[in-house]
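Quick note on labels: first sequence line is chain A, next is B, and so on, each numbered from 1.
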2 protein chains.
Amino acid sequence: MPDPMYRQIAEQLREEIESDRFDADKPLPTESQLQVSHKVSRNTIRQAIDLLDGWGLVEKRPGSGTFIRKQYEPFVTTLSEWQKKSGSEDKPGSEDESDSGLGGGEGAAAFNEVKARGRMGKFLSPRVEIQLASKNVSERLRVPPGTNVISRHQQRFIDGQPWSLQTSYYPMDLSDRGATQLLLAGDIKEGAVKYLGDVLQLKQVGYRDRIAVRRANETELRFFGLREDANIPVFILLRTAYGVDGASTEPFPFRFTESVFPSDRNQFVINVGNVPDGLAEPAKI
Amino acid sequence: MPDPMYRQIAEQLREEIESDRFDADKPLPTESQLQVSHKVSRNTIRQAIDLLDGWGLVEKRPGSGTFIRKQYEPFVTTLSEWQKKSGSEDKPGSEDESDSGLGGGEGAAAFNEVKARGRMGKFLSPRVEIQLASKNVSERLRVPPGTNVISRHQQRFIDGQPWSLQTSYYPMDLSDRGATQLLLAGDIKEGAVKYLGDVLQLKQVGYRDRIAVRRANETELRFFGLREDANIPVFILLRTAYGVDGASTEPFPFRFTESVFPSDRNQFVINVGNVPDGLAEPAKI
DNA sequence: GCAAATTTGTTCGTATGTATT
DNA sequence: CAATACATACGAACAAATTTG
């Protein structure tokens with residue numbers, strides 16, 4: 001039993017696209033042209049192109065045409081530490097935290113990784129709000145639901161492309177005790193982790209990342225320039241950071257971060273134990 | 001300008017589904033019924049339902065009806081180690097590796113995590129093949145492309161549901177030097193890492209994970225019971241494991257593993273440094 | 001076990017709307 | 001403003017898968 005016509009046509013177009021038989025800058029043949037050349041109705045052509053669209057291969061622009069979607073060079077974010085400490089063993093949580101804290105995707109460390117990979121990062125100034133803790137945030141920060149928390153939201157770009165959306169939540173407690181910069185909309189140049197260490201003797205000792213994938217919501221579709229039809233899901237990276245300070249030797253959560261990364265241009269790397277030096281290149285999948 | 005009809009209808013149906021206004025066991029109203037109740041053509045109803053299908057909310061069964069898709073309780077896999085070592089600091093790569101090696105998603109450790117989470121794991125017997133190393137495999141294992149490598153492919157189930165597909169590649173070298181069990185189709189009860197340690201004094205000292213997301217291929221759609229329309233992508237987890245043995249103190253890659261997890265039922269957790277004890281619960285996203 | 005009824009799948013033709021050039 | 005190209009919507013017919021009597 002052969003596949004239905006629209007699927008056969010879609011497969012054929014896919015094959016033609018992937019072997020560069022179309023000009024990448026110019027639109028594909030129009031629906032009317034394809035309707036003629038494949039001797040089917042325009043509806044059937046549209047079904048075929050809708051498939052390609054759902055596969056993320058093409059992008060339809062009303063009034064203009066159907067174009068081949070540009071494939072991104074994936075950007076790799078290292079979630080564990082990625083800078084080897086010279087002259088010290090590789091011990092997360094040990095005493096010699098460098099400027100980037102434990103590294104891996106945090107503000108300062110993330111920016112450094114972008115630079116180290118020879119790409120151009122642009123992190124907009126954070127938008128700061130006092131919010132009531134959602135159930136999720138209150139559970140992670142161990143504050144009662146509805147408590148005020150500091151929310152710092154930031155848009156990040158790489159090579160001019162929208163790259164990630166990040167929101168960090170801090171207990172109000174921290175600003176009350178003197179970390180007042182958390183309330184200012186500007187960047188914290190040295191990185192929030194180092195700042196909290198300097199001001200409150202709050203030292204990050206570890207973090208837990210959770211990775212999941214879901215469909216992009218309205219805001220995310222708009223910011224990342226994704227078309228809903230293309231069905232590009234987003235990574236959700238939830239990080240709970242733990243620290244100790246003078247008052248407590250038992251680690252407690254002091255920051256909860258939710259980051260959103262479109263899956264068409266992002267990958268993650270985790271190094272555990274002793275692995276070769278150097279930044280990991282993207283995986284071919 | 002209001003949304004088109006099919007989108008309005010889709011949103012309304014979504015709202016009705018999410019507030020449990022339909023019986024989860026019985027099909028939704030048929031296309032003909034909806035066509036009447038919404039006073040539109042059947043094609044328009046089909047467009048609306050196709051949207052819900054693409055959102056993964058419903059599942060269409062020809063001849064039978066349209067059903068609400070069951071949501072999975074996500075299974076969480078810890079990629080870093082997840083068992084605290086009693087009486088020892090938390091140092092990956094240190095001397096006191098327990099039974100599960102460095103832990104985190106490996107055969108033995110993965111099975112233990114499933115058990116620890118109170119769920120029922122079933123890992124089928126691996127299918128073993130001698131293959132020519134692909135470009136990807138040869139790069140990771142640092143063997144010339146086209147060299148023979150051992151491939152061990154395994155299907156994994158949790159609570160009776162297909163959960164992941166995993167293929168590990170080992171240099172032939174290892175079996176030549178005595179690790180002959182790698183060539184047998186049976187399970188390696190103690191875990192491959194421990195086995196290699198016992199037989200070849202090959203000790204795992206670290207690993208690097210890469211995480212990406214892509215569309216499921218034919219095989220994966222079939223195995224995981226996914227419908228193409230539902231557009232559920234899969235996680236790709238690539239792990240390169242490094243070890244040392246008597247002959248070399250410089251870590252070298254001895255195993256490369258590619259695992260595939262459907263994103264509708266899987267999440268990952270990474271612990272870095274000092275984090276609270278206990279298995280992390282799924283993220284709410 | 002088979003035939004009929006039901007339900008979704010495919011394809012056609014047509015008309016009109018909306019966005020872009 | 002006109003032409004072009006994709007978007008929405010209607011109606012119809014037949015096919016294929018599944019359930020039911």
Side-chain angles (χ1 to χ4, degrees), chain A residues 1-13 17 22-23 25-69 221-222 225-231, chain B residues 1-13 17 22-23 25-69 221-222 225-231:
Chain A
M1 200 84 57
D3 276 345
M5 277 307 300
Y6 73 88
R7 181 168 289 274
Q8 292 180 44
I9 294 171
E11 291 291 353
Q12 185 183 328
L13 288 172
I17 289 168
F22 293 119
D23 194 326
D25 305 322
K26 290 206 291 275
L28 296 190
T30 67
E31 294 176 352
S32 324
Q33 289 170 332
L34 290 169
Q35 169 188 187
V36 173
S37 62
H38 286 85
K39 298 195 230 304
V40 293
S41 75
R42 185 172 157 228
N43 281 341
T44 300
I45 290 294
R46 282 182 59 79
Q47 270 184 285
I49 293 181
D50 281 352
L51 262 189
L52 298 175
D53 193 6
W55 297 345
L57 268 176
V58 303
E59 183 177 326
K60 299 188 281 182
R61 307 198 196 128
S64 177
T66 301
F67 296 79
I68 298 172
R69 267 179 72 93
L221 289 173
R222 214 173 14 249
L226 301 171
R227 313 234 158 190
E228 184 181 12
D229 306 315
N231 242 304
Chain B
M1 202 73 58
D3 276 345
M5 278 306 301
Y6 73 89
R7 183 168 288 275
Q8 292 181 44
I9 294 171
E11 291 291 353
Q12 184 184 328
L13 288 172
I17 289 168
F22 293 119
D23 194 325
D25 304 324
K26 289 207 291 273
L28 297 189
T30 68
E31 294 176 354
S32 325
Q33 288 170 333
L34 290 169
Q35 170 186 187
V36 173
S37 61
H38 286 85
K39 299 196 229 303
V40 292
S41 74
R42 181 171 161 230
N43 281 339
T44 300
I45 290 295
R46 282 183 58 79
Q47 269 184 286
I49 293 180
D50 281 351
L51 262 189
L52 298 175
D53 194 5
W55 296 344
L57 268 176
V58 303
E59 182 177 328
K60 299 188 282 183
R61 306 196 197 130
S64 177
T66 301
F67 297 79
I68 297 171
R69 265 180 73 92
L221 289 173
R222 215 175 13 251
L226 301 172
R227 312 233 160 189
E228 185 183 13
D229 307 315
N231 243 305

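- If you measure from atom CD1 of A/Ile49 to atom C1' of D/dA7, you get 13 Å, rounded to the nearest angstrom.
- Atom CG of B/Asp53 is separated from atom C1' of C/dT8 by 12 Å (rounded to the nearest Å).
- Rounding to the nearest 0.5 Å places OG1 of A/Thr44 at 11.5 Å from CD1 of A/Ile49.
- Not one side-chain nitrogen or oxygen of B/Lys60 sits closer than 4.0 Å to the OP1 or OP2 atom of C/dT7.
- Along DNA chain C, the nucleotide nearest to A/Met5 and the one nearest to A/Gly63 differ in position, and the one closer to the 5' end is contacted by A/Met5.
- Look at CZ on B/Arg227: it is 13 Å from P on C/dT8, rounded to the nearest Å.
- Under the 4.5 Å side-chain criterion, counting only non-hydrogen atoms from C-beta, B/Asn231 is not in contact with B/Asp53.
- At D/dT8, one or more side-chain N or O atoms of B/Tyr6 fall inside 4.0 Å of OP1 or OP2 (strictly under the cut-off).
- Put simply, CD1 on B/Ile45 is 14 Å from P on C/dG9, counting in whole angstrom units.
- Note on A/Asp50 versus A/Lys60: salt bridge recorded, some NZ/NE/NH1/NH2 to OD/OE distance being below 4.0 Å.
- Atom CD1 in A/Ile9 sits about 13 Å away from atom P in C/dT10, given to the nearest Å.
- In this structure, CZ of B/Arg61 is placed 17 Å from C1' of D/dA16, rounded to the nearest angstrom.
- Position along DNA chain C of the nearest nucleotide to B/Leu28 versus A/Arg42 favours B/Leu28 as the more 5'-ward residue.
- Taking side-chain N and O atoms only, A/Ser64 has no distance below 4.0 Å to OP1 or OP2 of D/dC6.
- Considering only side-chain atoms of A/Thr30, the nucleotide from D/dA7, D/dA5, C/dT11 that sits closest is D/dA5.
- OP1 or OP2 of D/dC10 sits under 4.0 Å from a side-chain N or O of B/Ser41.
- Backbone-only contact: B/Thr66 has heavy atoms under 4.0 Å from sugar-phosphate atoms and none from a base.
- The CZ atom of A/Arg42 lies 7.5 Å from the CD atom of A/Gln35; values are rounded to the nearest 0.5 Å.
- An OP1 or OP2 oxygen of D/dA7 is reached within less than 4.0 angstrom by a side-chain nitrogen or oxygen of A/Arg46.
- D/dA5 atom P lies 7 Å from atom CD of A/Gln33, rounded to whole Å.
- Contact check on A/Arg7 versus B/Glu228 returns a salt bridge, with a Lys/Arg side-chain nitrogen under 4.0 Å from an Asp/Glu carboxylate oxygen.
- One atom, CG of B/Leu34, and another, P of D/dA9, lie 15 Å apart when rounded to the nearest Å.
- Checked against D/dT8, D/dC6, C/dT8, the side chain of B/Gln47 finds its nearest nucleotide in D/dT8.
- Where A/Asn43 and A/Pro62 meet DNA chain D, the nucleotide closest to each residue was compared, and A/Pro62 sits on the side nearer the 5' end.
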